[in-house]
Amino acid sequence: MTISTHSASLFHSKILEQATRIQAMAEVKTRFAPSPTGFLHIGGARTALFNWLYARHFGGTFVLRIEDTDAQRSTQESVDVILEGMKWLGLDWDEGPFYQSERRELYLAEIEKLLAHGKAYRCYCSREELDEKRTKAMDEGKKPKYDGTCRDRTSQAEDKSFTIRFRAPETGKTVVDDMIKGKVVFDNGELDDLIIARSDGSPTYNFVVVVDDATMGITHILRGDDHLNNTPRQIQLYDALGYTAPVFGHMPLILGQDKKRLSKRHGATSVMAYKDMGYLPEAMINFLARLGWSHGDQEIFSKEELIRLFDADNIGKSAGVFNEEKLLWLNAHYIKSRSNSAVAELFLPALKAEGYATQTPPPDAAGEAIKERAKTTLELEAMAKIFYSNEITIDEDAATKFITEDKIEMLSDFAEGLKSITPFTEESISAYMKSFVEERGIKMKNVGPPIRIALTGTMASPDLIKVIKLLGQVESATRIRNALKKTP
RNA sequence: GUCCCCAUCGUCUAGUCUGGCCUAGGACACCGCCCUUUCACGGCGGCGACCGGGGUUCAAAUCCCCGUGGGGACGCCA
């Protein structure tokens, strides 16, 4: 293909122009906008995750915004715990946190604009009147929408307090072209004039969310299903304000075991509560990602993989039950796939805090011995203590069953023989045990359990040879003798 | 009540858009067997689902309609 220099450069600039436009279009900006009225809960965390993933997948921007327009219920402590939760999950934001409480002038200016253009009006109806009308409408089997008493009022009402309502279109349809649900059509007749400013002058959620998303340049909004009914009103507000609406994606809600919307009633719903129960952030992320999103049959996803693979196409449409057992399985998976030293890091802080000396045995070795058995870091800590405690608690039932009188001599001999093993390695311990049972003509299954109980206090423990090796010759022998002392 | 959304094993889901490859696949849980000095891990196997009814079609989990069921919204909360 040959083209003249002139047209070539023209061609070039066209391409350039187009590329810029495509890039501008491809620029993705998402946000997570929690209201600081509690902790970061499971549902909120998933919303944050999906928006974060969407932004990261497209190399876009992720914004954190605090929706604190409800001064009554918003608290700084709540902001703090939400940020803590985000950090724990590793969901970093590029902009913010922005506080709606600091953007008040902007909202008021926008409300004035609406008022000036007749797109909003003052409503003098009292709460009591409204409540009455609502109840009445419900009783009559009608949708309890505002009846428009003040919409066409011409008389100037004096000193009475008022709210400001948006003058919504009464006819026609509003279409939400949802990324997840597809096209959802609402009859404008179903919608009413929502309050955009309270009687104290403060703007309400449905209004500020629009102003914020528009002025912050948010391009995609992934949020809970429960907002779907708000969306047509918000779209109308975008129009009235002269903004372009972002793309919406309404994801299904997370349900409790009883298939009701997940709430405190269902037990732990705070993300940080799971941290305290010994869960790893990567397990939580993986779990949340798979709750409502899928990639074929794959179950395990690293964060990097999620960023690479995440897309809105594979977000499911139906609500899902929060399945704690699967979370636990994932947690166990992430514990056992850690390196030995990374496992040690999981239990070391707690043991040190409780005053344990954690030099011997080497924490890495202890980590290796227990990581396949623990499902939570709490269990990891409990198991690790077996190696670092001076005193172990022996399970009584197990002891009476296995450390019987006829075993005393054998156990005492075993402890004695332990001392002479040189070098003290897993191989030599194994050889010692083998010859010990052979010499006596007894079975391993007769010596194993009592020794295990004497050493660890329980029947559920790591490999016996490893335990002996880790505990060392002296400690192992001591524990066996101590156990015998307790046996009558 | 009105409006909106949804519907595959007990649970999370693949498959649905673009009908046939589906005697419906994977995972968690559960059960059994194997491995084994215990408990686990791991391996193998089992149990187990297309909500119902119509229609379209040679062919429906897949498309359409109607039921039913579940969820959500209906606030001077977000």
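Below, chain A is the first sequence line, B the second, and so on; all start at residue 1.
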Study note, to complete from the structure: Its contact letters, B for base, S for sugar-phosphate only and - for none at protein heavy atoms under 4.0 Å, make nucleotides 65-78 of chain B read ------SBSBSBBB
Tell me which nucleotide among [options] gets nearest to the side chain of [X].
| X | options | answer |
| --- | --- | --- |
| A:Ser461 | B:rA27, B:rU38, B:rU13 | B:rU38 |
| A:Asp463 | B:rU37, B:rU38, B:rG25 | B:rU37 |
| A:Ser318 | B:rC6, B:rC28, B:rC5 | B:rC6 |
| A:Ala460 | B:rU11, B:rU37, B:rC39 | B:rC39 |
| A:Val321 | B:rC4, B:rU38, B:rC12 | B:rC12 |

Whole angstroms only, please: what is the [atom1]-[atom2] distance between [X] and [N]?
| X | N | atom1 | atom2 | answer |
| --- | --- | --- | --- | --- |
| A:Ile465 | B:rU37 | CD1 | C1' | 8 Å |
| A:Asp178 | B:rC17 | CG | C1' | 15 Å |
| A:Arg338 | B:rC41 | CZ | C1' | 18 Å |
| A:Lys443 | B:rU38 | NZ | P | 14 Å |
| A:Asn286 | B:rC28 | CG | C1' | 13 Å |
| A:Phe301 | B:rA27 | CZ | C1' | 11 Å |
| A:His295 | B:rA14 | NE2 | P | 12 Å |
| A:Met251 | B:rC6 | CE | P | 16 Å |

Exercise for review: Would you mind telling me which of A:Gln234, A:His227, A:Arg233 makes a side-chain hydrogen bond (donor to acceptor under 3.5 Å, both in side chains) with A:Asn206?
Suggested key: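 With A:Asn206 as partner, side-chain hydrogen bond (donor to acceptor under 3.5 Å, both in side chains) holds for just one option, A:Gln234.
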**Study point:** A:Asp225 and its side-chain hydrogen bond (donor to acceptor under 3.5 Å, both in side chains) partner, picked from A:His250, A:Lys317, A:Lys181
**Key:**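 In the set A:His250, A:Lys317, A:Lys181, the residue that makes a side-chain hydrogen bond (donor to acceptor under 3.5 Å, both in side chains) with A:Asp225 is A:Lys181.
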Exercise for review: Name the residue closer to the 5' end of RNA chain B, choosing between A:Phe186 and A:Ala137 according to the nucleotide with the nearest heavy atom.
Suggested key: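 That would be A:Ala137.
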**Study point:** Along RNA chain B (nearest heavy atom to each residue), the more 5'-positioned of A:Met433 and A:Gln257
**Key:**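 Checking each residue's closest nucleotide, the 5'-ward one belongs to A:Gln257.
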Exercise for review: Would you give the length of the straight line joining atom OH of A:Tyr279 to atom CE of A:Met284, rounded to the nearest 0.5 angstrom?
Suggested key: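 Spacing of OH (A:Tyr279) from CE (A:Met284) equals 8.0 Å.
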Residues [X] and [Y]: side-chain donor-acceptor under 3.5 angstrom:
| X | Y | answer |
| --- | --- | --- |
| A:Ser161 | A:Arg198 | no |
| A:Arg103 | A:Thr215 | yes |
| A:Ser294 | A:Asn314 | no |
| A:Asp68 | A:Ser101 | yes |
| A:Asp213 | A:Tyr243 | no |
| A:Asn188 | A:Gln236 | yes |

Across all strands shown, which nucleotide pairs with [N] by Watson-Crick or G-U wobble geometry, both distances under 3.5 Å?
| N | value |
| --- | --- |
| B:rU57 | none |
| B:rU38 | none |
| B:rC30 | B:rG46 |
| B:rU2 | B:rA73 |

Mind checking if [X] touches a base, just sugar-phosphate, or nothing, with heavy atoms under 4.0 Å?
| X | answer |
| --- | --- |
| A:Leu328 | nothing |
| A:Glu325 | sugar-phosphate |
| A:Gly292 | sugar-phosphate |
| A:Phe287 | nothing |
| A:Lys336 | sugar-phosphate |

Quantified in whole Å, what is the [atom1] atom distance between nucleotide [N] and nucleotide [M]?
| N | M | atom1 | result |
| --- | --- | --- | --- |
| B:rU23 | B:rA49 | P | 16 Å |
| B:rC9 | B:rA29 | C1' | 12 Å |
| B:rC77 | B:rC12 | C1' | 31 Å |
| B:rC33 | B:rC50 | P | 30 Å |
| B:rC66 | B:rA27 | C1' | 35 Å |
| B:rG26 | B:rU8 | C1' | 13 Å |
| B:rG53 | B:rA14 | C1' | 27 Å |
| B:rU36 | B:rG42 | C1' | 12 Å |

Review point. Per the side-chain contact (heavy atoms from CB on, under 4.5 Å) rule, which among A:Leu194, A:Leu114, A:Thr69 passes with A:Phe207?
Key: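 Among A:Leu194, A:Leu114, A:Thr69, the one meeting side-chain contact (heavy atoms from CB on, under 4.5 Å) with A:Phe207 is A:Leu114.
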Practice item. State whether the distance check finds a donor on one side and an acceptor on the other, under 3.5 Å, for side chain A:Glu372 versus base B:rG42. Key: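 For A:Glu372, whose side chain was compared with the base of B:rG42, there is no donor-acceptor pair (under 3.5 Å).
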Practice item. Classify the side chain of A:Arg373 versus the base of B:rC39 as yes if they form a donor-acceptor pair under 3.5 Å and no if they do not. Key: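 Yes.
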